Amino acid sequence: MRWLALLLGIAILGGVATVVIALQEPEPPHAARIGSTSPSTPSPTPSEAAFTDPCGTFDTNMRTPYSITGYWIMPSADRCNWRRQLEEIHMVGGDTVVRIGFGLQPRSVDAEGRILESPTGDETPKPDERYGYCVEDGLTCYQAAERDLKAANPGNRVSWSFVFRTDESYGDGVFRCPQMEKKIVIGERVFFRLIADEDGSDDATCDFTTTGKGYHLILVSAGATDSLTELLDLGDRFGIKVFPSLPLAPRDPTGVTRANPRHIGTLTTLTRRILQDYGSRFAGRESLGGVYQPFELQIRDWADPENVPTLQVYAEQHRIVEQTLPGKPILVSPYLDARKRVEYTSTPKQVGEGFKALARTGVGIIAPQDSRGTGKVGLFWPNWKNQPVDERLKPVVGESTYSTAYYGATRDYYRAMFESRQQLRDEEGIDVQLWANVEAFEPSASEKCGTQGTRGRTDKPRLDTAVTLVGPYVSKIISYMWSDFFTCGTPSLAEDLAVDWERPIAIQAVREKRDIQEGLQIRGYHLRDVKVTLSWTGLETPRVVDSQSVGLFDGEPMADLPPAVGKVWIPVDWASVPAGTWVRVEVTAADGRKAAEPVYYHNE
């Protein structure tokens, strides 16, 4: 064995971002892409090596699998755009896509029965052109619904109207009472008229005649063809699981970060109808991975979780999922905020308690945003806490050290949630998966990425760093979002992944003894035949170990970690390492490529 030397330096700081995930009514963006699933929910197998459809010939061979295996995608009017995205995502190892969805909105109606736009400021709302196309027998769809209700009983009325926009289309499974509910086709425009009881009970008797009462009208503006069917077909082709979005809850007008519990009944009725239709049309589809809960919230230690409006909405919607799509998990992606100088932020311990409360609402997968992209959490190690923050974080936290800016680092928060996950499983029998959502953007940027507002592109070294920092505590890593953060610029981040996918990424170093020999086990991606460099403060020269010669690589999957994570063991003379030292562990591939981020082992 040969030992060399190196001064302990400051590692490359980077990370991957988080973003607000909930969208109410997004417009179709420009080009996009996809990718990933968890060990407990295996992906469908690509059905053939290549296939041809009206969008061209697509290759289904996986070429350059990266450590991130899932991506958000946006609705798109260009279906060929989705096909390009799924091919590109599949090429970099993606096996899961999460679809941004749309929101249920309460709307006012004018004296002429026209649905009005959502109010903005002090302006008088105008008729919403989208729903103005919906007419029956010369009446607006609102007027026609009220006419039919009154024909059943003169005391019936529409007490509240709601709209829901989607590019999906539904089958007959969406209707509970076909004598009062219907599909309305106006040229190329498709609408669905649904009638909900005011209390959200969704009465199966469909008795509109015995007692006159108020009903809620849900007017759905749908697609002429069903986008979800197309996505599931592509998922089958590329071996990708699709997580369509649940209807997004209306927002509380007194605080738009909260869901409005006043509309829980109508929201659950719409959710139940849509999922019942999914169940009748997509039962047994391997590519339907689960559903996505799109209402975003900050994960924290709530004093009384049962009285938190957004958690109430979660629990009600999730109960419907369990009833209508048994076995399909619900994915939720809350955000973190570790900033000390901002109110209502949370320590790692508080987030760990919030994780438990969130899991108790019935979710199956919690994929917290790492919040590096918004600057709400920093990517740093405990021995870096007194160093200045990354230059790209200064627009959010100013000139500061990490310890001054944040209660903890990314790794601290994911460790706390990992421990909470274990406690839930062992003490309450709640088995929830912990994923990471590392967001591929910067808080602000000179190079804006397409349609993503002021957020800008990041780079692969920072993405690798985020993978390192969340690495040992999650079973899967996904990212928000493919388009435009992975596709903008030249070369794009996706292109960088394709050419540099085999660069090693270490995620953890733990002390391990093999037989009578002491050593160190390093876990991570692409660690076969790496050279490991150890250094610490006070050491004049680095110690370099060639794992191919004196180490041992094991690529067998490990519990609660992504399947691609392997481990390599090297011998270490711990007697020569000072107690209390932070040992810097760097890995370098046989071709000379070094991991973007070291890992640290604290020699206690």
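This is a predicted model, so every value here is computed, not measured.
- Side chains of R523 and Q521: a donor on one and an acceptor on the other come within 3.5 Å.
- Residues satisfying the side chain to side chain donor-acceptor pair (under 3.5 Å) test with R339, not counting sequence neighbours, are D337.
- For W501, the ring pair (Phe, Tyr, Trp, His ring centres under 6.0 Å) test picks out H526, with sequence neighbours left out.
- For E419, the side-chain contact (heavy atoms from CB on, under 4.5 Å) partners two or more places apart in sequence, or in a different chain, are R415.
- Heavy atoms from other residues, nucleotides or ligands lying under 6.0 Å from NZ of K531 number 12 at most.
- Under the salt bridge (charged side-chain N to carboxylate O under 4.0 Å, His left out) criterion, E353 pairs with K356, sequence neighbours left out.
- Considering only residues two or more places apart in sequence or on other chains, E556 meets the salt bridge (charged side-chain N to carboxylate O under 4.0 Å, His left out) condition with none of them.
- Counting only residues at least two apart or on different chains, the salt bridge (charged side-chain N to carboxylate O under 4.0 Å, His left out) pairs with a member in residues 60-76 are D59-R63.
- With sequence neighbours left out, the ring pair (Phe, Tyr, Trp, His ring centres under 6.0 Å) criterion links Y407 to no other residue.
- Every residue meeting the salt bridge (charged side-chain N to carboxylate O under 4.0 Å, His left out) condition with R425, not counting sequence neighbours, appears here in chain and number order: D560.
- Among residues two or more places apart in sequence or in another chain, the side-chain contact (heavy atoms from CB on, under 4.5 Å) test is passed with R341 by S400, T404.
- With sequence neighbours left out, S346 forms a side-chain contact (heavy atoms from CB on, under 4.5 Å) with Q298, R300, Q350, V351.
- For the pair W435 (side chain) and P368 (backbone), a donor-acceptor distance under 3.5 Å is absent.
- A cation-pi arrangement is absent between K567 and F553 under the rule of less than 6.0 angstrom and at most 45 degrees off the ring axis.
- Among residues two or more places apart in sequence or in another chain, the salt bridge (charged side-chain N to carboxylate O under 4.0 Å, His left out) test is passed with K394 by E391, E399.
- Here T468 pairs with W381, I505, E597, V599 under the side-chain contact (heavy atoms from CB on, under 4.5 Å) rule; sequence neighbours left out.
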